[in-house]
There are 2 protein chains.
Amino acid sequence: MVALRASGRRVSAARRLVLEALYAADEPLSAEQIAGGLDGRVPRSDLASVYRNLETLERLGLVQHVHLGHGAGLYMRAGGGAREYLVCDSCGAHRTVEPHALDGVRRLIRADLGYEARFSHFPIVGLCRECAAHRGGG
Amino acid sequence: MVALRASGRRVSAARRLVLEALYAADEPLSAEQIAGGLDGRVPRSDLASVYRNLETLERLGLVQHVHLGHGAGLYMRAGGGAREYLVCDSCGAHRTVEPHALDGVRRLIRADLGYEARFSHFPIVGLCRECAAHRGGG
DNA sequence: ATACTTGCAAATGATTTGCCAGTGT
DNA sequence: ACACTGGCAAATCATTTGCAAGTAT
């Protein structure tokens, strides 16, 4: 909230709603879930406003989003609670890992390719151990 | 084409168009580019048909697609000519690498996380060497 | 001849934009 | 008071689907 005020933006009810939803969730949420419109509930904020606010908050570095597959983007708080994702191409399962679990991988990518890799926007896609065992290379 | 016939599908002009476009291109193409409708040209095949054919060809393993950012999916031939992608979050540049350039990374991911990673559907996103040098961690 | 395919139109899903009324500071 | 915001409707973009007519085998 401080960051919002500092940037000259206002702290409105709709923005509170977005931030509270993201801080309460232990999974990344779609814009529609954040609006409150899923599970047959009546949306507590307009979808368009949610998207606008997510964009604002993302620009301020308070929020980030991932694309786990072909569906809607999923939003989560940035910083402390952020996770990185692995999704299985075969069974569709997705699993989160703490950022430091990928530190070695990032280091190797930096050494091999000169890239400072982030796995926060797109997940690492592949075969999980079980599916790889069952189907081999795919 | 052989694979098409073998699967009971037909070899139509529209399918030839898709495959020829993908084999001729040295960059992955959007469905719209494949249809021929970009650059003010008149499409030579309907977009819906292109999408249907891309899906068919992808299911047969002849084609694959990537999402380099938020825009349309980009299609390329699978197998021999396929590349993997690195995109820079900061300058937007994207660069392709031969699949084996990521073998070491894949090996490490297998060892650390038990995943058989593929970087063919989503790129590795991060900061390229230049942007990392200019802006640090981001 | 028959099942697979196409083009065209309309539907869908996600996200964005225009506009005017409402509200935080 | 005034610029920033929210809600609502309509627009946009990428992709999918229904259907009748066309075509590869």
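Here is the naming used below: chain letters follow the sequence lines, and residue numbers restart at 1 for every chain. Atoms considered below: every heavy atom in the structure, side chains included; atoms not considered: hydrogens, waters and symmetry mates.
- A straight line from CG of B/L19 to P of C/dT5 spans 13 Å, rounded to a whole angstrom.
- The aromatic ring centres of B/H67 and A/H121 sit 6.0 Å or more apart.
- Considering only side-chain atoms of B/D46, the nucleotide from C/dG24, C/dC8, D/dT23 that sits closest is C/dC8.
- A straight line from CZ of A/R59 to C1' of D/dT5 spans 15 Å, rounded to a whole angstrom.
- A donor and an acceptor atom sit less than 3.5 Å apart, one in the side chain of A/R52 and one in the base of C/dG18.
- B/R5 has a side-chain polar atom (N or O) that falls below the 4.0 Å cut-off from OP1 or OP2 of D/dT25.
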Table of protein N/O atoms under 3.5 Å from nucleotides 12-15 of chain D N/O atoms:
residue : atom : partner : partner atom : Å
D/dT15  : OP1  : B/G73   : N            : 3.1
D/dT15  : OP2  : B/Y51   : OH           : 2.1
D/dT15  : O5'  : B/Y51   : OH           : 3.2

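- Contact annotation: A/N53 side-chain N/O to D/dG6 OP1/OP2 distance is under 4.0 Å.
- Side chains of A/Y75 and A/I34 form a contact here, defined as non-hydrogen atoms less than 4.5 Å apart.
- For the salt bridge (charged side-chain N to carboxylate O under 4.0 Å, His left out) test, no residue two or more places apart in sequence or in another chain qualifies with B/R10.
- One can place CG of A/L4 at 19 Å from P of C/dT23, the figure rounded to the nearest angstrom.
- The side chain of A/A48 lies closest to C/dT16, out of C/dC4, C/dT16, C/dT23.
- Across all non-hydrogen atoms, the minimal contact from A/C88 to A/L127 is SG-CA, 3.9 Å.
- Although no hydrogens or angles enter the test, the distance criterion places a donor-acceptor pair under 3.5 Å between the side chain of B/E58 and the main chain of B/H65.
- Two residues are said to be in side-chain contact when any heavy atoms from C-beta on lie closer than 4.5 Å; A/Y23 and A/V18 fail this criterion.
- Partners of B/R106 by side chain to side chain donor-acceptor pair (under 3.5 Å), not counting sequence neighbours, listed by chain and number: B/E84, B/D103.
- For D/dC4, the base has no donor-acceptor partner in the side chain of A/R9 [N/O atoms by modelled type, under 3.5 angstrom].
- In this structure, B/A13 and A/S12 both approach DNA chain C, and ranking their closest nucleotides by distance from the 5' end singles out B/A13.
- Each of D/dG6, D/dG7, D/dA3 was ranked by its minimum atom distance to the side chain of A/S45; first place goes to D/dG7.
- Distances shown here put a side-chain N or O of A/R15 below 4.0 Å from the OP1 or OP2 atom of D/dT5.
- Between the CG atom of B/L54 and the C1' atom of C/dT5 there is a distance of 15 Å, given to the nearest Å.
- The CZ atom of A/R16 sits 14 Å away from the C1' atom of D/dT5 (whole-angstrom rounding).
- Atoms CD (B/E55) and P (C/dT6) sit 13 Å apart, rounded to a whole Å.
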